[in-house]
Amino acid sequence: MLICKNLKKSYSDGNNRINILSNINLNISSGETVSITGASGSGKSTLLHILSTLDKADSGEIELDGHLVSDLEDNNLSKIRLTKIGFIYQFHHLIKELSVKENISLPLRIAKKSNTDIEKIVNEVIDQVDMTKRKNFQLDKLSGGERQRVAIARSIVNNPKIIFADEPTGNLDKNNANNIFALLNDLVKNNKSSLIMATHDLEIALKLNRNFKIDNGQLKDI
Ligand SMILES: Nc1ncnc2c1ncn2[C@@H]1O[C@H](COP(=O)(O)OP(=O)(O)OP(=O)(O)O)[C@@H](O)[C@H]1O
Ligand SMILES: [Mg+2]
């Protein structure tokens with residue numbers, strides 16, 4: 001489903017280049033769930049952004065569902081993002097002026113689905129994340145946990161083959177974090193999607209099939 005080889009990424013601090021990812025190799029099968037832990041600043045978000053085509057590595061290859069995405073230009077990448085990838089960002093990236101329903105509809109509108117299809121799919125997904133009663137609420141009227149449900153709903157609405165989740169339970173209390181994780185895990189299992197999740201929460205990380213941490217720019221088994 002996802003193969004990455006010899007991925008490298010560094011940033012310049014003005015004078016020197018700082019290596020964030022030194023040599024990352026990873027092979028994830030269809031339906032497999034993977035956790036990535038590591039200290040703050042170790043490169044978890046950087047890796048997720050690169051694997052999900054939102055950012056470019058300095059070198060290395062990424063193959064996603066048979067497509068060599070590391071070689072593709074932006075216009076071809078956007079099609080792959082819309083049809084194959086779901087992303088739950090560390091800081092939501094939801095649109096606060098829009099309602100729950102409108103936020104979740106966005107990927108389908110961009111993919112130019114018909115209004116009838118959108119209505120049907122979005123209502124189903126809203127029901128799956130238990131937000132039906134709040135579907136017309138504007139985003140900034142929701143709690144943190146509810147916003148996270150909306151972010152999850154938006155990431156699965158296009159039925160992606162692979163979902164990247166960056167700290168999906170990061171800003172929630174223990175109880176809510178466990179609920180949100182259980183919800184995400186169930187949806188991933190039902191859709192037979194793969195999941196790559198960055199988290200600080202080791203207890204949640206260990207519930208996934210394979211567990212890695214980023215240490216010194218390298219991916220290590222834990
Ligand atoms: N655009 C950028 N320019 C320069 N440095 C960057 C840039 N983006 C990230 N970095 C640096 O790369 C390092 C890794 O950042 P990243 O966001 O991937 O960490 P993280 O493991 O996700 O941390 P956290 O657990 O706090 O979310 C950090 O030191 C950060 O300052
Ligand atoms: Mg991060």
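Sequential numbering from 1 along the given sequence is applied to the chain's residues. What you see is a predicted model, and the numbers here were worked out from it, not measured in a lab. Heavy-atom basis, side chains included; hydrogens, waters and symmetry copies ignored. Atoms within a ligand are numbered from 1 in the order they appear, just like the ligands themselves.
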Say whether I62 and L77 are linked into one hydrophobic cluster, either directly or through other cluster members, by side-chain heavy-atom distances under 4.5 angstrom. yes
K79, NZ: over 12 other non-hydrogen atoms inside 6.0 angstrom: no
Which ligand 1 atoms, with their elements, are less than 4.0 angstrom from a heavy-atom of H200? 25 (O)
Would you mind finding which of T46, I214, N19 brings a heavy atom closest to atom 15 (O) of ligand 1? T46
Tell me: protein heavy atom nearest atom 27 (O) of ligand 1, and distance? Q90 NE2, 3.0 Å
Is the number of heavy atoms from other residues, nucleotides or ligands under 6.0 Å of K161 NZ greater than 12? no
Does NZ in K207 sit with more than 12 non-hydrogen atoms of other residues, nucleotides or ligands closer than 6.0 Å? yes
Applying ring-ring contact (aromatic ring centres under 6.0 Å, His included) to Y89 and not counting sequence neighbours gives F87, H93
At under 4.0 Å between heavy atoms, is it the side chain or the backbone of A198 that contacts ligand 1, or both, or neither? neither
Is it the side chain (CB and beyond), the backbone, both or neither of I20 that lies under 4.0 Å from ligand 1, heavy atoms counted? side chain
Among protein heavy atoms, which sits nearest to atom 29 (O) of ligand 1, and what does the distance come to when rounded to 0.1 Å? G41 O, 3.8 Å
Are there more than 12 heavy atoms of other residues, nucleotides or ligands under 6.0 Å from atom NZ of K220? yes
Identify the protein heavy atom lying closest to atom 9 (C) of ligand 1, giving its residue, its atom name and the separation to 0.1 Å. Y11 CE1, 3.4 Å
Can you check atom 31 (O) of ligand 1: any protein non-hydrogen atom closer than 4.0 Å? no
Please compare H49, E167, K44 and report which has the shortest non-hydrogen distance to atom 25 (O) of ligand 1. K44
Salt bridge or not for R210 and D221, using N-O below 4.0 Å? no
Cut-off under 2.8 Å, centre the Mg ion (ligand 2), protein N/O/S atoms: S45 OG, Q90 OE1
Nearest heavy atom to atom 26 (O) of ligand 1 wins, so pick from S40, G38, A39. S40
Residue pair S99 / N136, side-chain donor-acceptor N/O under 3.5 Å: no
Reference residue E146; test salt bridge (charged side-chain N to carboxylate O under 4.0 Å, His left out); the match among R134, K135, K141: R134
I88 and side chain to side chain contact (heavy atoms under 4.5 Å, CB included): which single residue from I163, L48, D166 fits? I163
What residue and atom, counting heavy atoms only, is the protein's closest point to atom 17 (O) of ligand 1, and at what distance? S45 CB, 3.6 Å
So does K8 have more than 12 non-hydrogen atoms from other groups sitting under 6.0 Å from NZ? yes
